[in-house]
Protein chains: 2
Amino acid sequence: MANPIPISDAEWQVMHVVWRDHPVESQQVVDQLAEANGWSAATVKTMLHRLVKKQVLDFDRDGKRYLYRPVVRRSDCIRQESRSFVDRVFGGAAAPALMHLVKNSKLTDEELAELRQLLDRKEGKS
Amino acid sequence: MANPIPISDAEWQVMHVVWRDHPVESQQVVDQLAEANGWSAATVKTMLHRLVKKQVLDFDRDGKRYLYRPVVRRSDCIRQESRSFVDRVFGGAAAPALMHLVKNSKLTDEELAELRQLLDRKEGKS
DNA sequence: TGACATCGATTACACATGTAATCTATCTTG
DNA sequence: CAAGATAGATTACATGTGTAATCGATGTCA
């Protein structure tokens, strides 16, 4: 809890890679993101640096390289970001947010089924 | 379309009021938001000014006052912000975003029912 | 009509963010 | 061991954002 650390757009991209591949060295992150986003290697390094400073990442040394790893859990960041989104755009009301997303997304029948299951499991829990 | 106008957190607050109450004069917006957010009147004025500059709001004159009104539709802004959220946090995958929100929100049985209906209506549309 | 109250415009300023270039320390390799 | 490659650290800089104070124009009220 108490996790009001803001993670920017570009930083999220980096975090996705670290959560997926940690421990990672910067070069791997560069490989994953630089070209795809039109970023220079330096830009990715800056992100890593800032994320360490924010204590969202930490690293272990491996010779002169760093091996980065997450300090905060992906799920916690997602929770925080989702809450912030629902607050900002829907004044905190989750239902309208869900309605909107359902209406505006393409979902496979499998995904629809899975969602229905989730809804069923929540029934009566209010 | 072509709406990459960024609306900040604080600006969203202002927009909610304008969408709801337009035409509004700045004082009304101040009344709605200043105290509640610990903002000074000047801060709210700045927001209005910036939103006009971004062409998200416009106004008609009423004597020396302005009557603000939205230029962009709420639904368009919501769509854009939702897409940006899903992209940033879930790499563009709507289903996981929905799963997460369902799992982490309290929803009344009515809301659950409404959501189920929406899902049913989407079935087979993929 | 003149002083005051208000309104919007302009200016301010620190911090965040996107986007790097450059510097410096450290490997590596001949 | 020396020179080059490379990693991270430091510095840079424009723009966005939160948060206002102040300024100048304009209504209003006595």
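Note on naming: letters A, B, ... go to the chains in the order of the sequence lines (proteins, then strands), and numbering restarts at 1 for each one.
In this structure, the nucleotide among C:dA20, D:dT17, C:dG8 sitting nearest to the side chain of B:K45 is C:dG8. Closest to the side chain of A:M47, from the set C:dT17, D:dT6, C:dG18, is C:dG18. Listed nucleotides D:dT26, D:dG8, C:dC27 differ in distance to B:K64; the shortest reach to its side chain belongs to D:dT26. Across C:dG8, D:dA20, D:dT17, the shortest atom-to-atom separation from the side chain of B:S26 is found for C:dG8.
Between A:R88 and B:E81 there is a salt bridge, with a side-chain nitrogen of the basic residue lying less than 4.0 Å from a carboxylate oxygen of the acidic one. For the pair B:D120 and A:R116, the salt-bridge criterion is met [side-chain N within less than 4.0 Å of a carboxylate O].
Straight-line distance from the CZ atom of B:F59 to the P atom of C:dG8: 9 Å, rounded to whole Å. Summarising the geometry, the separation between CH2 on A:W39 and P on C:dA20 is reported as 10 Å, rounded to the nearest angstrom. One atom, CD of B:E25, and another, P of D:dT26, lie 18 Å apart when rounded to the nearest Å. If you measure from atom CG of A:D60 to atom C1' of D:dG8, you get 15 Å, rounded to the nearest angstrom. Computed from coordinates, the A:D62 CG to C:dT28 C1' distance equals 14 Å when rounded to whole Å. The distance from atom CD1 of B:I5 to atom C1' of D:dG16 is 15 Å, rounded to the nearest whole Å. The nearest whole Å value for the distance from the CG atom in A:L51 to the P atom in D:dA9 is 13 Å. One interatomic measurement links the two molecules: CZ of A:R61 to P of D:dT6, which rounds to 20 Å at whole-angstrom precision.
OP1 and OP2 of C:dG8 both lie 4.0 Å or more from every side-chain N or O belonging to B:H49. Distances shorter than 4.0 Å separate none of the side-chain N or O atoms of B:S8 from OP1 or OP2 on D:dG16. Between A:K53 and D:dG8 there is no side-chain polar atom (N or O) within less than 4.0 angstrom of OP1 or OP2. OP1 and OP2 of D:dA20 both lie 4.0 Å or more from every side-chain N or O belonging to B:T46.
Heavy-atom contacts from other residues, nucleotides or ligands closer than 6.0 Å to CZ of B:R69 number more than 12.
Checking A:G38 against A:R65, the closest nucleotide of DNA chain C that is more toward the 5' end is the one next to A:G38. In this structure, B:I7 and A:R50 both approach DNA chain D, and ranking their closest nucleotides by distance from the 5' end singles out A:R50.
Between A:D76 and A:V72 the shortest side-chain heavy-atom distance does not fall below 4.5 Å. Looking at heavy atoms from C-beta onward, A:V44 lies out of side-chain contact with A:S26 at the 4.5 angstrom threshold.
Within 4.0 Å of B:A10, counting heavy atoms only, lie sugar-phosphate atoms of the nucleic acid but no base atom.
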